[in-house]
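Single-structure report; data block below.
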Amino acid sequence: MASKDFKPTEYKLRCFGCGKEFTRDNHLLSCDADHGPAFLRAEYEKKQIEVHKGARGMFRFGDWLPLRRVIENRALPVAYRSEGLASHLGLSNLWIVFSGYWPDRRADMRTCTFKEQEAPPVLSRFADNSRILVVASAGNTARAFAEVCSANDIPLLMVVHEAGLKCMWSTKPFSDSVKLVAVTGDADYFDAIRVSGMIAKLQGYVPEGGAKNVARRDGMGVSVLAAVTTAGRIPDNYFQAVGSGTGGISAWEAAERLRADGRFGQVKMKLHLVQNHPFTPMTDAWNHGSRELLPMDEAEARRRISQISAHVLSNRRPPYSVKGGVYDALADTGGHMYSMTNAEAQLAAWFFEETEGIDLTPAAAVAAAALKRAAEQKSIAPDEMVLLNVTGGGQKRLFAEHKINYLSPHTTLRRDEVSEEKVKRLFG
Ligand SMILES: *Cc1c(COP(=O)(O)O)cnc(C)c1O
């Protein structure tokens with residue numbers, strides 16, 4: 001869509017905890033009422049979605065995204081009906097929604113994961129660039145925001161732990177508006193979140209908000225919108241690898257909107273969410289029937305995280321118990337949680353590349369492994385419609401076909417040296 005044709009989306013926000021409605025959205029992240037943690041949810045004026053074919057990237061689903069301004073993006077996932085993997089698994093109605101780089105299928109998401117779908121609506125939801133956006137990330141989110149902020153010259157400060165640094169690449173030059181802070185000294189994703197929280201409180205900065213941000217969730221939900229508007233119906237089953245579970249919540253929210261739309265059937269899309277053994281806090285809690293995560297000491301969590309191959313699935317504080325979070329999404333859809341080993345994921349990645357013809361990121365391989373298990377154990381019937389969210393892929397192909405630039409940290413902080421004062425001195 002040309003800028004002159006752009007119109008902001010009409011929507012309201014509603015609290016999942018108390019039902020309170022907010023008609024003026026000023027990057028609101030939570031309800032002001034005195035109750036336990038609860039998500040806000042966007043309620044769009046248009047109840048039936050129109051796909052705007054001429055719009056930029058994912059903005060073609062703009063009816064159900066909280067947009068206020070035009071953002072350059074290519075964050076459009078591609079949905080198609082599988083033949084190769086489907087016949088290998090004995091499933092007759094398997095659909096794949098792919099976020100990544102796959103020129104043959106016209107997928108051109110250069111950061112190679114569905115995190116690229118979070119950045120455009122989050123950035124569009126701000127009316128201007130008056131504050132610096134702060135993003136904490138295990139790597140993929142930071143890369144996605146860096147790419148989209150670079151393309152639009154939007155100020156961004158990213159906080160990444162050591163293992164996330166190798167994720168800071170692009171096929172294009174980074175803009176000067178993009179700054180990177182590294183947290184070192186055996187730091188993990190949670191340390192990056194802590195530091196970003198300290199910076200975001202300072203004058204002139206604004207936190208992205210993570211799972212609480214409706215723009216982020218509805219951006220991830222575009223995977224389901226793309227699949228359903230292509231296939232014509234809501235799938236019976238949805239498979240995705242989760243670390244925070246935000247994508248799972250988003251898929252649930254998108255499927256509910258599509259049910260309310262009325263044209264895509266009334267199926268309750270069952271969530272099959274997958275974690276990487278041995279770091280499986282949500283799978284463990286769900287299988288214990290618990291709304292709270294089970295206690296695990298920090299050293300044990302760090303030890304387990306160090307053993308998983310899909311590093312992006314290492315969130316220690318996922319929005320599981322919060323009202324409108326992962327627990328509610330699973331409960332409402334009669335969902336399942338899985339735990340898959342590195343070896344199972346690696347095998348699934350190999351099968352996927354053989355049968356579909358594109359490489360998977362480790363997290364997407366974890367999801368493919370769970371689908372393989374569910375098909376083999378016949379816990380899904382062969383004719384049920386299944387949607388596999390390939391949350392990331394094509395990186396091997398991208399690296400073979402393009403020159404890659406890496407971003408080096410502008411500031412480095414040791415985990416054990418971090419304090420409010422120090423952060424204020426450096427960034428205030
Ligand atoms: C972040 C990420 C996930 C997990 O997403 P959730 O936020 O937990 O839903 C899965 N796959 C890839 C490639 C990711 O980057």
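Side chains included, hydrogens not; waters and symmetry mates left out as well; all remaining heavy atoms used. First listed ligand is number 1; within each ligand, the first listed atom is number 1.
The closest approach between any non-hydrogen atom of I249 and ligand 1 is not below 4.0 Å. The closest approach between A364 and ligand 1 stays at or above 4.0 Å for every heavy atom of the residue.
When only non-hydrogen protein atoms are considered, atom 3 (C) of ligand 1 lies nearest to K115 NZ, 3.5 Å. For atom 11 (N) of ligand 1, the nearest protein heavy atom (residue, atom name, distance) is T391 OG1, 2.6 Å. Among all non-hydrogen protein atoms, the one lying nearest atom 4 (C) of ligand 1 is A241 O, 3.4 Å.
Taking CD of E344 as the reference point, atom NZ of K372 lies at 8.5 Å (rounded to 0.5 Å). Distance CG/L123 to CD/E72: 12.5 Å, rounded to 0.5 Å.
Contacts between N140 and ligand 1, counted as non-hydrogen atom pairs separated by less than 4.0 Å, involve the side chain only. Heavy atoms of A363 found under 4.0 angstrom from ligand 1 belong exclusively to the side chain. With a heavy-atom cut-off of 4.0 Å, L313 touches ligand 1 through its side chain alone.
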For this session: Assess whether side-chain hydrogen bond (donor to acceptor under 3.5 Å, both in side chains) is satisfied between E116 and S99, documenting all intermediate values.
Result: CA-CA 8 Å; E116 198 170 323; S99 297; over 6 Å; no
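Taking the side chain as every heavy atom from C-beta outward, S408 and F174 never approach each other to under 4.5 Å.
In terms of N/O distances under 3.5 Å, ligand 1 is approached by G247. No N or O atom of V242 sits closer than 3.5 Å to an N or O atom of ligand 1.
Using a 4.0 Å cut-off to heavy atoms of M220, the atoms of ligand 1 that qualify are 7 (O).
Side-chain atoms of H311 and Y189 include no donor-acceptor pair closer than 3.5 Å.
Side chain of D359 to backbone of Q395: a donor-acceptor contact under 3.5 angstrom is found. Of the possible polar contacts, one joining the Y205 side chain to the F427 backbone as a donor-acceptor pair under 3.5 Å is found.
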